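Whatever order the structure lists ligands and atoms in, that order sets their numbers, starting from 1. Keep in mind that what you see is a predicted model, and the values were worked out from it rather than measured. FYI, the numbering just counts along the sequence from 1.
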Amino acid sequence: MTIKKVTKIGVLTSGGDAPGMNAAIRAVVRTAIFHDLEVFGIMRGYAGMVENDIQELNSRSVANIIQRGGTILKTARCTEFYEYEGRLKAYNNLKEKGIDGLVIIGGDGSFKGAQRFSNEFDIPCIGLPGTIDKDIAGSDVTIGFDTAVNTAVEAIDKIRDTMDAHDRLFIVEVMGRDAGYIALHSGIATGAENILIPETKTDIEDLIFSLTEKEKRKKLVNLIVVAEGGEYGDANELAKIIKARIPSADTRVCILGHIQRGGAPSCEDRLIASHMGYYAVESLLIGRNNVMVGVVNNKIHYTPLDKAVKQKQKIGQEWMKIVKILAS
Ligand code: F6P
């Protein structure tokens with residue numbers, strides 16, 4: 001098989017931003033330059049590709065960004081790219097600059113777009129999993145999760161102080177429309193009494209029973225961590241149910257929201273982003289195309305882009321059992 005040599009590559013960030021995306025951009029740019037490739041930053045994800053908002057980057061363009069949250073390339077949703085005409089426009093813009101390879105940092109939706117684009121226009125694409133939700137098949141880790149979960153833990157620890165001072169029941173909502181990893185990890189790490197996640201059914205009667213029983217034992221401080229995509233709706237909905245069933249519980253709600261997406265990336269996120277960014281360029285150079293670079297069992301692992309889909313993990317009953325025992 002002859003490998004079509006890439007000479008100019010584009011890098012973009014797409015979907016929800018995640019801390020560590022800048023570290024990944026830096027790694028892609030500097031590895032590309034090391035190999036004498038030209039490298040272009042595509043602004044606002046696929047939107048910049050369609051609108052020709054593309055700038056050449058050099059080593060200095062990515063100086064002093066490894067520690068910054070957000071993404072210097074910005075990110076956006078682009079409905080035009082869903083249509084063939086939009087993708088054709090994007091292709092013509094790349095062709096005009098001679099860009100013959102792409103690195104896409106984002107989630108499964110971004111990878112789907114990349115796969116389709118690559119099939120249609122024969123531009124090799126490499127995906128890097130960038131999402132705080134950690135829900136992409138083919139990688140044990142995603143860029144941004146570690147920072148997000150630590151942000152959640154720090155916030156919940158603070159809530160615990162005031163919760164304890166007032167003997168309150170707190171329902172803290174963390175991000176995760178389809179995935180409960182942030183809720184599970186932050187809930188366990190902060191000693192939550194209950195954790196509600198989309199992957200596991202919640203027995204609401206069991207939850208009410210355990211809260212009532214704790215109240216009888218005068219255990220009044222109770223922390224419930226709920227993922228935003230929880231079965232019983234958001235934290236406010238859950239609070240309504242609990243207040244109706246246990247009116248005596250002094251209940252408060254705190255929604256952590258987008259604070260979890262920002263901030264300086266953790267050491268772990270900077271490391272995985274740097275590692276993945278390096279291997280993204282190496283992959284393009286050897287013609288290992290249309291894969292997502294992930295990490296499985298602490299080793300770099302490649303998954304075909306069309307298999308790197310949103311993954312509903314079987315976050316087990318085992319963990320839920322442990323949560324209950326430890327919170328008794
Ligand atoms: O990045 C993933 C995610 O944080 C989800 O957990 C959350 O539901 C969603 O993004 C929120 O997205 P938006 O920024 O569009 O509100």
**Q** Within the 3.5 Å criterion, strictly below it, is a donor on E96 or N92 matched to an acceptor on the partner's side chain?
**A**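 Distance-only check fails for E96 and N92.
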**Q** At less than 4.0 angstrom from any non-hydrogen atom of R77, what atoms of ligand 1 do you find?
**A** 15 (O)
**Q** Where is the nearest protein heavy atom to atom 9 (C) of ligand 1: which residue, which atom, and how far?
**A** R177 NH2, 3.6 Å
**Q** In the protein, which heavy atom is nearest to atom 2 (C) of ligand 1, and how far is it?
**A**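 Residue, atom and distance for the closest contact: D133 OD2, 3.1 Å.
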**Q** Salt bridge or not between K74 and D53? Use side-chain N to carboxylate O under 4.0 Å.
**A**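 Here K74 does not pair with D53 in a salt bridge, since their nearest N and O are not under 4.0 Å apart.
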**Q** Regarding T7 and D100, is there a side-chain donor-to-acceptor distance under 3.5 Å anywhere?
**A** yes
**Q** Measure I132 to ligand 1 on non-hydrogen atoms and call it side chain, backbone, both or neither using the 4.0 Å cut-off.
**A** side chain
**Q** What atoms in ligand 1 come closer than 4.0 Å to a heavy atom of R261?
**A**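 Matching atoms, with element in brackets: 1 (O), 3 (C), 4 (O), 9 (C), 10 (O), 11 (C), 12 (O), 13 (P), 14 (O).
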**Q** Under 4.0 Å from ligand 1, counting heavy atoms only, is it the side chain of Q260, its backbone, both or neither?
**A** neither
**Q** Taking the basic N atoms (NZ, or NE/NH1/NH2) and the acidic carboxylate oxygens, is any pair closer than 4.0 Å for E80 and K89?
**A**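 Between K89 and E80 there is a salt bridge, with a charged N closer than 4.0 Å to a carboxylate O.
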**Q** Restricting to pairs with a member in residues 291-309, which pass side-chain hydrogen bond (donor to acceptor under 3.5 Å, both in side chains), not counting sequence neighbours?
**A**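 Sorted pair list: R288-Y302.
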**Q** With a heavy-atom distance limit of 4.0 Å, tell me whether K134 approaches ligand 1 through its side chain, its backbone, both, or neither.
**A** neither
**Q** Regarding ligand 1, does D17 bring an N or O atom to under 3.5 Å of one of the ligand's N or O atoms?
**A**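 N/O-N/O distance below 3.5 Å does not exist for this pair.
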**Q** Do ligand 1 and E228 have nitrogen or oxygen atoms that lie under 3.5 Å from each other?
**A**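 The answer is yes, given that E228 and ligand 1 share an N or O pair closer than 3.5 Å.
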**Q** Name the residue from V28, I126, L102 that meets the side chain to side chain contact (heavy atoms under 4.5 Å, CB included) definition with I9.
**A** V28
**Q** What protein heavy atom lies closest to atom 16 (O) of ligand 1? Include the residue and the distance to one decimal.
**A** H258 NE2, 3.1 Å
**Q** Got an N/O contact under 3.5 Å between G176 and ligand 1?
**A** yes
**Q** Could you check, using the six-membered ring where one of them is a Trp, whether Y46 and Y82 have ring centers closer than 6.0 angstrom?
**A** no
**Q** Within the 3.5 Å criterion, strictly below it, is a donor on S266 or N150 matched to an acceptor on the partner's side chain?
**A**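 Not at all, the side chains of S266 and N150 share no donor-acceptor pair under 3.5 Å.
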